[in-house]
Number of protein chains: 2
Amino acid sequence: MSGLAREDYLADIYRLQCENPHDPVSTGSVADRRGVTAASATAMFKRLARDHLIVYRNYGGVSLTPEGQDLALGVLRRHRLVERFLADVLHIPWQQVDTYADQMEHALPDEVVDRMEVLLENPYTCPHGYPIPDKHGHFAQPDLILLRDLSVGEQVRVARVNERVPGLLRYVEDLGLMPGSLLRVSARNPVDLNVTIETEGRAHILGLRVSEAIWVERLESRG
Amino acid sequence: MSGLAREDYLADIYRLQCENPHDPVSTGSVADRRGVTAASATAMFKRLARDHLIVYRNYGGVSLTPEGQDLALGVLRRHRLVERFLADVLHIPWQQVDTYADQMEHALPDEVVDRMEVLLENPYTCPHGYPIPDKHGHFAQPDLILLRDLSVGEQVRVARVNERVPGLLRYVEDLGLMPGSLLRVSARNPVDLNVTIETEGRAHILGLRVSEAIWVERLESRG
DNA sequence: CAAGCGTTTTAGACACGCTTAAAACTCTTT
DNA sequence: AAAGAGTTTTAAGCGTGTCTAAAACGCTTG
Ligand SMILES: [Mn+2]
Ligand SMILES: [Mn+2]
Ligand SMILES: [Mn+2]
Ligand SMILES: [Mn+2]
């Protein structure tokens, strides 16, 4: 009936577009993300383009049409609301909810999603800090900075942790750096790009792989 | 990945087997239930038989293997637990939960199902009164009688309402005959087989279509 | 500017799940 | 026992979604 794989492709194209807003999304990047061959991605692109969900030029990558973006945002909405539900209501560890939500997101009727949203009291973000689109596709776009790009002395709040970096969620949890945590940058090493932070009185040295997977929000931005 | 349609076939074969435990399940009955052609059912039977989930003899119907029954019971468990969840937690009307659960039942990881069961405090039945298998496939099998087969004067509790009779759930709700309701048979018409019942002080005349879709439980069965 | 390399598309194949139309079978009825 | 009716299976075809292997493309480099 409803496209199963289609939805994942659309959502992944949207995610890749966000990560690199300037150029179009390449066949290879989608294939990598989806874990399929480039040939499979090409075949899917043709079907999606035929149905006016993406614009596809041979050898030129893809971009979402307004209609395709609506569908993609619907998938992200379901994905992130389900993640919230799994974490907050069923108490499933946040390391696992992305995988489960990826399975469930395609099988949730709108009414179920909308009622979950009410039950959860209209959350703004998923447990990892990514915004949840409302039923019209609108969502908050706060000013976030990568932890990597902070200067020494800055005091910030963790806003978002990339859920697809292997092992990162567990590591972040151990360090007490979940979304909402406060931290201060106490040092930066200009050679290896390590960042030293303090949180709850403890200091940690974070490598680049970590500091470029965590987004933060400046405190007291009035001034 | 995991068979989508396969699961529905297995669960429907199980349901049909329960409704008519003596003879094997015919191709046509499965096709009707599933809303597909007999040719489609035959093709699916071959795949299921190839994978040792059913026993299939040409022109001789099908029956579940132990392995196939395990899978079928898993689907029923997910289906009925989700129905409970939708009704009790999300407050979705019981008329709709079967349709929604039919969609969701194939996309629920075991851990999600198990945690839902805990959240719901291990319910015995779905909102329509059908038993929920536990994670080993075991479930209560209470002694139920069709409302159709009651004698005048019997006092019973509604236990189960067939969720797939069009319009029945709404009708039953209007009459106050949801599972748990008490009623007494005050008359039976031997010609048209109508049954007159009393519940909460009001009398209703039920036709055969209704009385053979409602199961009840005798009260004070010690005697 | 031609060679080479990495990326992308095409070609051919396969499993699933569905369809319609025709053939085969079973069961009842004369 | 033969006919007929109803059921079931087979045959052929289609869309989805995946694969491998080969061809086409595009960009960088000598
Ligand atoms: Mn998904
Ligand atoms: Mn998330
Ligand atoms: Mn189903
Ligand atoms: Mn039910």
Side-chain angles (χ1 to χ4, degrees), chain A residues 1-13 16-17 19-20 22-64 67-68 71-72 75 102-103 105-107, chain B residues 1-13 16-17 19-20 22-64 67-68 71-72 75 102-103 105-107:
Chain A
M1 293 282 166
S2 60
L4 297 81
R6 301 165 92 75
E7 291 194 334
D8 278 326
Y9 275 90
L10 291 171
D12 279 336
I13 291 168
L16 289 164
Q17 187 73 260
E19 289 172 16
N20 204 343
H22 296 301
D23 16 49
V25 177
S26 72
T27 303
S29 63
V30 173
D32 286 353
R33 181 70 69 110
R34 295 259 64 247
V36 298
T37 63
S40 301
T42 299
M44 179 61 85
F45 288 171
K46 291 187 173 172
R47 288 187 293 268
L48 294 175
R50 179 201 56 192
D51 298 340
H52 311 106
L53 300 176
I54 62 173
V55 175
Y56 170 50
R57 286 195 59 258
N58 260 25
Y59 297 98
V62 296
S63 60
L64 294 168
E67 194 184 345
L71 287 182
V75 179
D102 199 38
Q103 234 181 90
E105 67 195 355
H106 313 289
Chain B
M1 290 287 165
S2 60
L4 297 82
R6 300 164 91 75
E7 291 194 335
D8 278 328
Y9 275 89
L10 290 172
D12 278 337
I13 291 169
L16 287 164
Q17 187 74 261
E19 291 172 14
N20 205 341
H22 297 301
D23 17 47
V25 177
S26 72
T27 304
S29 62
V30 173
D32 286 353
R33 180 71 67 112
R34 295 259 66 246
V36 299
T37 63
S40 302
T42 299
M44 179 60 85
F45 288 171
K46 290 186 175 173
R47 288 188 292 268
L48 294 175
R50 179 201 56 193
D51 299 339
H52 312 106
L53 301 175
I54 61 173
V55 175
Y56 170 50
R57 287 196 59 259
N58 259 26
Y59 297 97
V62 297
S63 59
L64 294 169
E67 195 184 344
L71 287 182
V75 179
D102 200 37
Q103 235 179 92
E105 66 195 355
H106 314 288

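Numbered from 1 within each chain, the chains take letters A, B, ... in sequence-line order. Predicted model, so just to flag it, every value in this text is computed and none were measured.
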A.B. asks: Is the shortest side-chain heavy-atom distance between B/Leu4 and A/Leu4 below 4.5 Å?
C.D. replies: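 Result yes, sub-4.5 Å side-chain heavy-atom pair found.
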
A.B. asks: Report the end-to-end axis angle of the helix from C/dC1-D/dG30 to C/dT30-D/dA1; each axis comes from five terminal pairs, and the value is rounded to 10°.
C.D. replies: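 For the helix from C/dC1-D/dG30 to C/dT30-D/dA1, the axes at either end differ by 20°.
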
A.B. asks: Which heavy atom of B/Arg6 sits nearest a heavy atom of B/Met44, and at what distance?
C.D. replies: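 Minimum heavy-atom separation between B/Arg6 and B/Met44: N-CE, 3.9 Å.
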
A.B. asks: Quickly work out the A/Leu4 CG to D/dG15 P distance and round it to whole Å.
C.D. replies: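 So the two atoms are 18 Å apart, to the nearest Å.
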
A.B. asks: Whole angstrom is fine here: how far is it from CG in A/Asp23 over to P in D/dG26?
C.D. replies: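 It works out to 17 Å between those atoms.
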
A.B. asks: With B/Asn58, which residues qualify under side-chain contact (heavy atoms from CB on, under 4.5 Å), at least two apart?
C.D. replies: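 Partners of B/Asn58 by the side-chain contact (heavy atoms from CB on, under 4.5 Å) criterion, ordered by chain and then number, come out as B/Tyr56.
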
A.B. asks: For residues B/Leu10 and B/Val75, determine if any side-chain heavy atom of one lies less than 4.5 Å from a side-chain heavy atom of the other.
C.D. replies: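 When only atoms from C-beta onward are counted, B/Val75 and B/Leu10 do not touch, as no gap falls below 4.5 Å.
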
A.B. asks: If you compare every side-chain N and O of B/Tyr56 against the phosphate oxygens of D/dT9 (OP1, OP2), does one of them come in below 4.0 Å?
C.D. replies: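 Yes, because at least one side-chain N or O of B/Tyr56 sits under 4.0 Å from OP1 or OP2 of D/dT9.
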
A.B. asks: Counting only side-chain nitrogens and oxygens, does A/Arg47 get under 4.0 Å of the OP1 or OP2 atom of D/dG15?
C.D. replies: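 Looking at the OP1 and OP2 atoms of D/dG15, neither is under 4.0 Å from any side-chain N or O of A/Arg47.
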
A.B. asks: Kindly write out the residues that satisfy side-chain contact (heavy atoms from CB on, under 4.5 Å) with B/Asn20, not counting sequence neighbours, or none if the list is empty.
C.D. replies: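 For B/Asn20 the side-chain contact (heavy atoms from CB on, under 4.5 Å) partners, ignoring immediate neighbours, are B/Asp23.
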
A.B. asks: Tell me what B/Phe45 touches on the nucleic acid: a base, only sugar-phosphate, or nothing, going by heavy atoms under 4.0 Å.
C.D. replies: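 No contact.
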
A.B. asks: Could you report the tightest heavy-atom contact between B/Pro24 and B/Gly60, atom names first, then the distance?
C.D. replies: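 Smallest heavy-atom distance, with atoms named: CG-O, 3.6 Å.
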
A.B. asks: Please report the distance, rounded to the nearest Å, between CG in A/Asp8 and C1' in D/dT16.
C.D. replies: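 To the nearest whole Å, that distance equals 14 Å.
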
A.B. asks: Would you mind reading off the distance between B/Leu48 atom CG and C/dC18 atom P, rounded to a whole angstrom?
C.D. replies: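 About 11 Å, once rounded to whole Å.
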
A.B. asks: Can you give me the N/O atom pairs linking the protein to nucleotides 25-29 of chain C at distances under 3.5 Å, or say none if there are none?
C.D. replies:
{"unit_1": "C/dC25", "atom_1": "O4'", "unit_2": "B/Tyr59", "atom_2": "OH", "d": "3.4"}

A.B. asks: A/Arg6 CZ to D/dG15 P: how many Å, rounded?
C.D. replies: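 Between P of D/dG15 and CZ of A/Arg6: 13 Å.
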
A.B. asks: With a 4.0 Å cutoff (strictly under), does any side-chain N or O of B/Lys46 reach OP1 or OP2 of D/dT10?
C.D. replies: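 Answer yes for this pair, as a side-chain N or O of B/Lys46 is under 4.0 Å from OP1 or OP2.
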
A.B. asks: Grab the CE-C1' distance between B/Met44 and C/dC18 for me, whole Å please.
C.D. replies: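 For the pair B/Met44 CE and C/dC18 C1', the rounded distance is 10 Å.
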
A.B. asks: Give, ordered by number, those residues of residues 27-43 of chain A having at least one heavy-atom distance below 4.0 Å to an atom of DNA chain C; if nothing qualifies, reply none.
C.D. replies: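 Only A/Thr27, A/Gly28, A/Ala38, A/Ala39, A/Thr42 qualify.
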
A.B. asks: Does the side chain of B/Val30 come within less than 4.5 Å of B/Phe45's, by heavy atoms?
C.D. replies: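 Heavy-atom side-chain distance check passes, below 4.5 Å.
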
A.B. asks: Out of the candidates B/Asp102, B/Val36, B/Ile13, only one should pair with B/Asp8 under the side chain to side chain contact (heavy atoms under 4.5 Å, CB included) rule; please name it.
C.D. replies: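 In the set B/Asp102, B/Val36, B/Ile13, the residue that makes a side chain to side chain contact (heavy atoms under 4.5 Å, CB included) with B/Asp8 is B/Asp102.
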
A.B. asks: Closest heavy-atom contact between B/Ala107 and A/Gln103?
C.D. replies: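 It is CB-O, 3.5 Å.
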
A.B. asks: For the pair A/Glu67 and A/His52, evaluate side chain to side chain donor-acceptor pair (under 3.5 Å) and give the outcome as yes or no after the intermediate values.
C.D. replies: CA-CA 7 Å; A/Glu67 194 184 345; A/His52 311 106; 5.5 Å; no

A.B. asks: Considering residues at least two apart in sequence or located in another chain, which fulfil the salt bridge (charged side-chain N to carboxylate O under 4.0 Å, His left out) criterion with A/Arg33?
C.D. replies: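 Residues passing salt bridge (charged side-chain N to carboxylate O under 4.0 Å, His left out) with A/Arg33: A/Glu19.
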
A.B. asks: Check every atom of D/dT16, C/dC16, D/dG17 against the side chain of B/Arg50 and return the nucleotide holding the closest atom.
C.D. replies: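 Closest nucleotide among those given: C/dC16.
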
